[in-house]
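Worksheet: the structure to be examined is printed underneath.
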Amino acid sequence: MIETIKSRIQESCGELGWPQTSFIVERPRDRAFGHVSTNVALTLARPLKKAPREIAEVLIRQIREKIPHLAAIETAGAGFINFTFSAAYFQSFVTQIREKRCDFQRDFVGKGKTVQVEFVSANPTGPLTIGHGRQAVLGDSIARILEWHGYSVTREYYFNDAGRQMRMLGLSVLARYRQLLGEEWQIPEGGYEGEYIFDIARDFRKEYGDAVAADDLQRFIDFAARQIFLTIRDSLKRLDIRHDIYYNEKDLYSSGKIDEVLKELDEAGYLYHEGGATWFRTSRFGAEKDRVLVKNTGEPTYRLPDIAYHKEKIRRGFDLIIDIFGADHHATYPDVKAALEALGYSTGHIRVLLHQFVTLTRDGEKIKMSTRKANFVTLDELIDLAGADVVRYFYLMRSMDSHLNFDIALAQKQSDENPVFYLQYAHARMCNILLHSREKHIDSYETADLSLLQEAEVLALIEIMIEFRDVMELCLSSLEPMYLTNYLYRLATAFHKFYTVHRVVTEDIALSKARLQLVDAVKTLLANGMRILGISAPEKM
RNA sequence: GCCCCGAUAGCUCAAUUGGAUAGAGCAACGGUCUUCUAAACCGUAGGCUACAGGUUCGAUUCCUGUUCGGGGUACCA
C-alpha cells in the first residue's frame with residue numbers, strides 16, 4: 001500500500017507539473033494521523049514557494065480517486081497528508097495470511113543467490129563464552145533472515161588448531177596431567193587456568209594412561225583441541241545452530257594458498273623486508289602504519305591467513321559474503337580489505353558486521369571475561385540457567401551496536417517475567433482458543449464473514465500484521481534481527497490486548513468464526529517470526 | 001595521539017534510518033479473573049534525549065567540538 005501511494009503521488013505531481021522531490025510515505029506513530037502519512041507537501045514547499053498546507057490541498061484533490069480502499073484523506077499539522085483506509089482493506093489480509101501461511105508477504109529477492117555467513121569462528125582453546133554466544137545467535141538468525149528471503153546460505157566456521165595459543169593449551173593440559181600424577185608442574189605463563197583443563201587432563205589420562213612423555217606435546221594439543229571442539233559444537237547445537245562448513249586455517253597452509261598470497265602481494269610491489277620480518281604496505285591504503293605479515297621467526301601473523309581465507313571466499317563465488325566479528329576485531333578487516341584490493345579483487349559484496357561486547361555482571365559487579373583466566377561464565381552455563389529460548393531471545397533484543405548488559409542474577413530471577421515468555425504465551429493462548437473452539441463444536445471456520453471484524457483492537461492487530469513485510473525488508477537491509485524481535489513483541493502485545501477485550505468463542509457463531517480466522521492468522525504469523533528468530537512456539541504453557 | 005561503538009525515565013533498552021505529543025519492560029503505587037490460560041490487561045508516577053554549537057519547515061536521529069564509558073591501535077588471535 002505504501003508503495004502504491006508513493007507511486008500515485010509521483011504520478012500526480014507529474015500531472016500537476018511539479019518537480020520530483022524526495023519524500024517519505026510511512027505509518028505515523030499516532031493513529032490520529034491516519035494509517036499512512038506523507039510529508040510530500042512539506043518537501044515541495046521550497047521549490048514551489050507555497051505554503052505546505054496549500055500544496056497538500058491541491059494534491060489531495062488530484063489523488064483522492066486513485067487510492068483504493070480510501071476512507072479518508074486530509075491534511076494536518078504543518079502540511080502532512082494523512083490517509084485512512086476502510087475496514088474491508090484490513091479484513092482482506094486475514095484471508096491472505098491464512099492462504100499464504102509462512103510465505104505471507106515473502107519476497108524471494110535472494111532467489112538464485114548464494115551467501116556465506118561466517119560466525120563464531122572461535123579457536124578450540126576453551127568452551128564458548130557469553131560473548132561467543134551473542135555472535136552465534138546473531139549469525140544464525142541473520143542466516144535465517146537471508147533464507148527467508150530466498151538466499152541459499154552457507155554457514156561457516158573458521159578455526160585454527162595450530163600455533164602459539166594451541167601450544168599454550170597443550171602445555172596447560174600437560175601440567176594438569178602431571179599434577180594428576182602427583183608431580184609438581186606449573187601452568188606456563190599465559191597458559192589456560194580454567195577448570196575444564198583438569199577435565200581434559202583426566203580424560204586424557206583415561207585414554208592414554210600415565211606414561212605419556214612431556215615432550216609428546218602434540219598429542220596433548222590434538223586431544224585437547226578435539227575435546228574442546230566437540231563441546232563447542234554441542235553448545236551451538238543446544239541453541240539449534242549448525243554450521244555447514246568448518247574451515248580449518250591449516251588447509252590454507254597445506255594447499256599453498258598462504259604462499260600464493262605472499263607471492264602475489266610481492267609481485268604487485270606491496271611487500272618489503274625489514275628487521276627479518278615481511279611487511280605489507282597498508283599505509284598506501286590509508287592506514288596509519290604498515291603491518292607485519294610474516295614475523296622474523298618465519299611465522300605468519302594472523303593477518304596473512306585472514307587475507308588468504310578471504311581471497312578464498314571471493315574465489316568460491318558467493319554473491320554476498322558476511323563476516324560477523326566482535327568489536328575487538330574492528331582493526332583487522334581494513335588490512336584484509338586493503339590486501340584484497342591490492343590483489344585486484346572487488347570487495348563490494350563483503351559486509352562486515354561488528355557486534356559490541358557482552359558485559360557480564362553478577363550482583364552488580366562487573367566480571368571481566370577471559371578464557372585464559374578462569375573467571376568467565378560459559379555459554380553452556382548460561383543455557384543451563386535460562387534455557388535456549390531465553391538465551392536466543394535475549395541476544396536478539398538489542399542492536400549489535402550497543403553493549404549487552406547481562407546480569408546473571410537477573411536472568412535467573414526473571415525466568416518468570418522474561419519477555420520471551422510473553423511471545424510464547426501469546427502463541428499458546430491462540431492455540432488454546434483454536435482447541436477450545438473445536439470443543440464447542442465449531443468444527444470449521446473456513447467460511448466466515450470477515451466484515452464482522454470491526455473493533456479498534458482487531459483493526460490495530462491486523463494493521464501490525466501488515467507491517468511484517470517492511471520489518472523483514474529492514475532486517476535484510478540492516479542485517480539486524482532486533483527489528484523482528486521488537487516487531488513480534490508488538491504483535492504479541494496487540495494480541496493480548498485484543499484477547500482481554502474480546503472473547504473469541506461465544507454464542508454468536510458467525511462472529512466466532514470470523515474471530516477464529518483472525519486468531520489463526522495471528523498465530524501463523526507469530527510462529528513464522530519466532531521460527532526465523534530460532535525461538536520455539538509452544539502450543540501449551 | 002589516532003580509529004570504531006555507545007550515552008535517551010531509578011535500571012535495561014526502543015523510537016519504522018530526518019517527522020507531528022520521545023515509547024516499552026523491570027522496579028514503585030493503584031485497579032481487573034464465576035466465562036477461550038492473570039506468564040495477561042488497564043491506570044498513576046517517572047525526561048532540558050550527556051554538554052555546546054551548526055545544517056532546515058522539522059534533529060534523539062545528520063555535521064563539528066567537548067565530556068564520560070567500552071573496544072582497538074602487537075613481529076597476540
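In the text below, chain A, chain B and the rest are named by the order of the sequence lines, each starting its count at 1. Any value given below was found using the heavy atoms of this structure, including those in side chains, with hydrogens, waters and symmetry copies removed.
rC13(B) atom C1' lies 15 Å from atom CD of Q356(A), rounded to whole Å. When rounded to the nearest whole Å, the span between OH of Y422(A) and C1' of rC26(B) equals 14 Å. With rounding to whole Å, F394(A) atom CZ is found 11 Å from rU12(B) atom P. Remark: P of rU16(B) and CD of E467(A) are 12 Å apart, rounded to the nearest angstrom. H403(A) has its NE2 atom 8 Å from the C1' atom of rG69(B), to the nearest Å. The distance between atom OH of Y483(A) and atom C1' of rU17(B), rounded to the nearest whole Å, is 6 Å. Taking atom CZ of R398(A) as the reference point, atom P of rA7(B) lies 13 Å away to the nearest angstrom. Between F285(A) atom CZ and rC3(B) atom C1' there is a gap of 18 Å when expressed in whole angstrom units.
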Could you list, one pair per line, each protein nitrogen or oxygen that sits under 3.5 Å from a nitrogen or oxygen of nucleotides 42-46 of chain B, together with the distance?
residue	atom	partner	partner atom	Å
rC42(B)	OP1	K497(A)	NZ	3.1

Listing time: all N or O pairs from protein to nucleotides 57-63 of chain B that are below 3.5 Å?
residue	atom	partner	partner atom	Å
rC57(B)	OP1	R46(A)	NE	3.2
rC57(B)	OP1	R46(A)	NH2	2.9
rC57(B)	OP2	R46(A)	NH2	2.7

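In this structure Y489(A) satisfies the ring pair (Phe, Tyr, Trp, His ring centres under 6.0 Å) test together with Y422(A), sequence neighbours excluded. Residues passing the ring pair (Phe, Tyr, Trp, His ring centres under 6.0 Å) test with W18(A), sequence neighbours excluded: none. In this structure, the ring pair (Phe, Tyr, Trp, His ring centres under 6.0 Å) partners of F229(A), at least two apart in sequence or on a different chain, are Y157(A), F159(A), Y246(A). Shown here are the side chain to side chain contact (heavy atoms under 4.5 Å, CB included) partners of A510(A), two or more places apart in sequence or in another chain: L452(A), D508(A). For D520(A), the salt bridge (Lys or Arg N to Asp or Glu O under 4.0 Å) test picks out R98(A), R101(A), with sequence neighbours left out. Scanning for ring pair (Phe, Tyr, Trp, His ring centres under 6.0 Å) contacts around Y425(A) gives H496(A), with sequence neighbours left out.
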Show which side-chain atoms of residues 332-339 of chain A pair as donor or acceptor with protein atoms under 3.5 Å away, not counting sequence neighbours.
residue	atom	partner	partner atom	Å
T332(A)	OG1	H329(A)	O	3.4
D335(A)	OD2	R291(A)	NE	3.2
D335(A)	OD2	R303(A)	NH1	2.1

(request) Treat a base pair as Watson-Crick or G-U wobble with both distances under 3.5 Å, then lay out RNA chain B in dot-bracket form, 5' to 3', with | for cross-strand pairs. (result) (((((((..((((.....[...)))).(((((.......))))).....(((((..]....))))))))))))....
(message) One character per nucleotide, please: for nucleotides 72-77 of chain B, 5' to 3', B when the base has a protein heavy atom closer than 4.0 Å, S when only the sugar-phosphate does, - otherwise.
(response) SSSBSB
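Looking at the side chain of Y489(A), the nearest of the listed nucleotides rA24(B), rU12(B), rU35(B) is rA24(B). Distances from the side chain of D401(A) to the nucleotides rA14(B), rG6(B), rA20(B) place rG6(B) closest.
The aromatic ring centroids of Y158(A) and Y309(A) lie less than 6.0 Å from each other.
Defined by atom type and a distance below 3.5 Å, a donor-acceptor pair is missing between the side-chain atoms of Q424(A) and Y393(A).
Taking the O4'-C1'-N9-C4 or O4'-C1'-N1-C2 dihedral as appropriate, rC33(B) has a value within 90° of 0 and is therefore syn.
Counting only residues at least two apart or on different chains, no side chain to side chain donor-acceptor pair (under 3.5 Å) pair has a member in residues 473-485 of chain A.
Distance alone, capped at 3.5 Å, is enough to place a donor-acceptor pair between the S444(A) side chain and the E446(A) backbone.
Counting non-hydrogen atoms under 4.0 angstrom, H427(A) reaches nothing in the nucleic acid.
Remark: ring of F80(A) does not overlap the six-membered base ring of rG19(B) in a stacked fashion, as centroids less than 5.5 Å apart with planes less than 30° apart are not both met.
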